[in-house]
Visitor: 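Have a look at this one.
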Amino acid sequence: MAGKREQLEELLAPVVASLGCELWGIDYQTHGRNALLRIYIDADRGIAVEDCEKVSRQASAVLDVEDPISGRYTLEVSSPGLDRPLYRLEHYQRFVGSRIEVRLRMPLEGRRKWQGLLAGVEGEEVVLRIDDESEYLLPIDSIERANIIPQFD
C-alpha cells in the first residue's frame with residue numbers, strides 16, 4: 001500500500017502546490033471493490049472549504065487522466081485538523097514537544113499502540129517519551145500511523 005501512496009503523492013503534490021497549498025499526506029484504503037483516497041492539505045494561512053473544493057476538482061481531473069486507481073473510489077480532501085496525522089520525519093520534527101498517539105506495524109514489548117511525548121527525531125527514528133521516564137526509539141518504517149493528540153489548556 002505504501003507504494004501506491006507514494007505514487008499518488010508524486011502525482012498529486014504538484015497539483016496541490018499549484019493551488020497554493022502543501023500536500024500534507026495521503027491515506028489510501030481499499031475495501032473490497034471500493035477504495036477511499038483521502039488527501040490532506042495544509043497552508044500557513046489555514047485551509048478553507050474553498051481550498052478543499054479547488055484541490056478536489058483539480059485532483060479529480062488528474063486522477064481521471066492518469067487513472068492510477070483501478071475500480072471505484074471515493075475522493076476526500078481535508079485539512080489535517082487538530083489531531084493531524086504525521087507521515088514524514090519532517091512532520092515529526094515540526095511537532096517535537098507535542099503529545100502523540102502511535103500505532104506500530106509490529107508489537108514492541110507486546111504493544112502496538114503507544115501514547116507519549118514526541119521528544120525528538122534521531123536519524124530515521126522517532127523518540128517517544130512515556131510517562132516522563134522511558135524513551136523509545138521507533139524507526140519511522142515501523143510506524144503504521146501517528147497522530148497529534150490535541151491539548152486544550
Side-chain angles (χ1 to χ4, degrees), residues 1-19 21-44 46-47 51-52 55-56 58-60 62-63 66-151:
M1 207 61 68
K4 177 62 83 175
R5 189 174 66 233
E6 289 168 359
Q7 176 191 11
L8 291 166
E9 283 183 7
E10 193 174 296
L11 182 65
L12 296 171
V15 173
V16 174
S18 73
L19 296 169
C21 298
E22 170 192 0
L23 177 62
W24 184 262
I26 289 179
D27 280 342
Y28 177 70
Q29 304 165 9
T30 57
H31 307 283
R33 290 190 208 167
N34 299 320
L36 172 64
L37 174 58
R38 186 173 292 127
I39 302 171
Y40 292 105
I41 59 173
D42 203 7
D44 290 338
I47 294 297
D51 295 313
C52 294
V55 170
S56 180
Q58 291 297 318
S60 183
V62 169
L63 292 167
E66 297 295 327
D67 200 25
I69 300 173
S70 59
R72 295 177 45 178
Y73 66 93
T74 301
L75 173 63
E76 293 180 5
V77 179
S78 173
S79 75
L82 293 176
D83 61 343
R84 68 181 51 225
L86 304 174
Y87 294 97
R88 296 184 281 283
L89 283 172
E90 302 84 51
H91 294 164
Y92 290 94
Q93 290 166 337
R94 186 168 162 185
F95 287 94
V96 166
S98 299
R99 293 198 49 78
I100 64 171
E101 182 176 60
V102 177
R103 181 176 174 93
L104 300 175
R105 295 183 196 289
M106 300 295 292
L108 173 66
E109 294 185 3
R111 295 172 42 191
R112 288 183 63 198
K113 291 183 180 181
W114 294 79
Q115 284 188 13
L117 180 76
L118 176 53
V121 174
E122 294 180 11
E124 296 287 315
E125 297 179 314
V126 173
V127 182
L128 185 66
R129 185 175 301 138
I130 309 295
D131 300 324
D132 295 327
E133 304 172 2
S134 305
E135 285 191 355
Y136 294 87
L137 292 176
L138 306 174
I140 188 84
D141 292 340
S142 72
I143 299 173
E144 182 176 301
R145 183 168 190 84
N147 291 77
I148 298 291
I149 299 172
Q151 301 294 306

Visitor: According to salt bridge (Lys or Arg N to Asp or Glu O under 4.0 Å), does anything in residues 137-146 pair up with another residue at least two apart or in another chain? List the pairs.
Guide: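 Residue pairs passing salt bridge (Lys or Arg N to Asp or Glu O under 4.0 Å), neighbours aside: Asp27-Arg145, Arg103-Glu144, Arg112-Glu144.
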Visitor: Could you grab the distance from atom OH of Tyr136 to atom CZ of Arg111, nearest 0.5 Å is fine?
Guide: 7.0 Å
Visitor: Under 4.5 Å between any side-chain heavy atoms of Ile100 and Phe95, yes or no?
Guide: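 SC-SC contact between Ile100 and Phe95 ruled out.
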Visitor: Evaluate the ring planes of His91 and Trp24, with Trp represented by its six-membered ring, and classify them as parallel (under 30°), tilted (30 to 60°) or perpendicular (over 60°).
Guide: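 His91 vs Trp24 ring planes: parallel.
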Visitor: Taking the side chain as everything from C-beta on, heavy atoms only, tell me whether Ile148 gets closer than 4.5 Å to Asp83.
Guide: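 A side-chain contact is absent here, since even the closest heavy-atom pair is not under 4.5 Å.
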Visitor: Please give me the minimum heavy-atom distance between Gly123 and Val121, naming the atom from each residue.
Guide: O-CG1, 3.8 Å
Visitor: Would you indicate whether the side-chain heavy atoms of Leu8 and Ile69 approach each other to under 4.5 Å?
Guide: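 Ile69 reaches Leu8 side chain to side chain.
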Visitor: Heavy-atom count around Leu36 CG within 6.0 Å, excluding the residue itself: above 12?
Guide: yes
Visitor: Return the set of residues passing side-chain contact (heavy atoms from CB on, under 4.5 Å) with Glu125 (not counting sequence neighbours), or none when no residue passes.
Guide: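 Only Leu137, Pro139 meet the side-chain contact (heavy atoms from CB on, under 4.5 Å) criterion with Glu125.
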Visitor: Return the CG to CD distance between Leu86 and Gln93, rounded to the nearest 0.5 Å.
Guide: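 Leu86 CG to Gln93 CD: 11.5 Å, rounded to 0.5 Å.
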Visitor: So Asp51 and Leu19, side-chain contact (heavy atoms from CB on, under 4.5 Å) or not? Walk me through it.
Guide: CA-CA 8 Å; Asp51 295 313; Leu19 296 169; over 6 Å; no
Visitor: State the CG-CZ distance between Leu118 and Arg94, to the nearest 0.5 angstrom.
Guide: 13.0 Å
Visitor: Got more than 12 heavy atoms from elsewhere within 6.0 Å of CZ, Arg33?
Guide: no
Visitor: Taking side-chain contact (heavy atoms from CB on, under 4.5 Å) as the test, write out the residues that go with Ser78, two or more places apart.
Guide: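 Applying side-chain contact (heavy atoms from CB on, under 4.5 Å) to Ser78 gives Tyr40.
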Visitor: Output yes when a side-chain donor or acceptor of Gln115 lies under 3.5 Å from a complementary backbone atom of Lys113, and no otherwise.
Guide: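 Checked: no pair found.
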Visitor: Between Leu75 and Ile39, is there a side-chain heavy-atom distance shorter than 4.5 Å?
Guide: yes
Visitor: Are side-chain heavy atoms of Pro68 and Leu63 found at a separation under 4.5 Å?
Guide: yes
Visitor: Supply the atom-to-atom distance Ser98 OG to Arg84 CZ, rounded to the nearest 0.5 angstrom.
Guide: 10.0 Å
Visitor: What's the shortest heavy-atom distance between Val15 and Gln58, and which atoms?
Guide: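 Of all heavy-atom pairs spanning Val15 and Gln58, the closest is CG1-CB, 3.6 Å.
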Visitor: Less than 4.5 Å apart, side chain to side chain, heavy atoms only: is that true for Thr74 and Asn34?
Guide: no
Visitor: Side chains of Ile143 and Tyr92, heavy atoms from C-beta outward: is any pair under 4.5 Å?
Guide: yes
Visitor: Quick check for you: to the nearest 0.5 Å, what is the distance between Ile140 atom CD1 and Glu124 atom CD?
Guide: 7.5 Å
Visitor: Rounded at 0.5 Å granularity, tell me how far SG in Cys52 sits from CD1 in Ile47.
Guide: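 With rounding to 0.5 Å, SG (Cys52) is 6.5 Å from CD1 (Ile47).
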Visitor: Can you confirm whether more than 12 heavy atoms, excluding those of Asp67, are under 6.0 Å from its CG atom?
Guide: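 Counting other residues, nucleotides and ligands, CG of Asp67 exceeds 12 neighbours.
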Visitor: Minimum heavy-atom separation for Arg129 and Ala119, please, with both atom names.
Guide: NH2-CB, 3.7 Å
Visitor: Do Thr30 and Lys4 have side chains that get closer than 4.5 Å, going by heavy atoms?
Guide: no
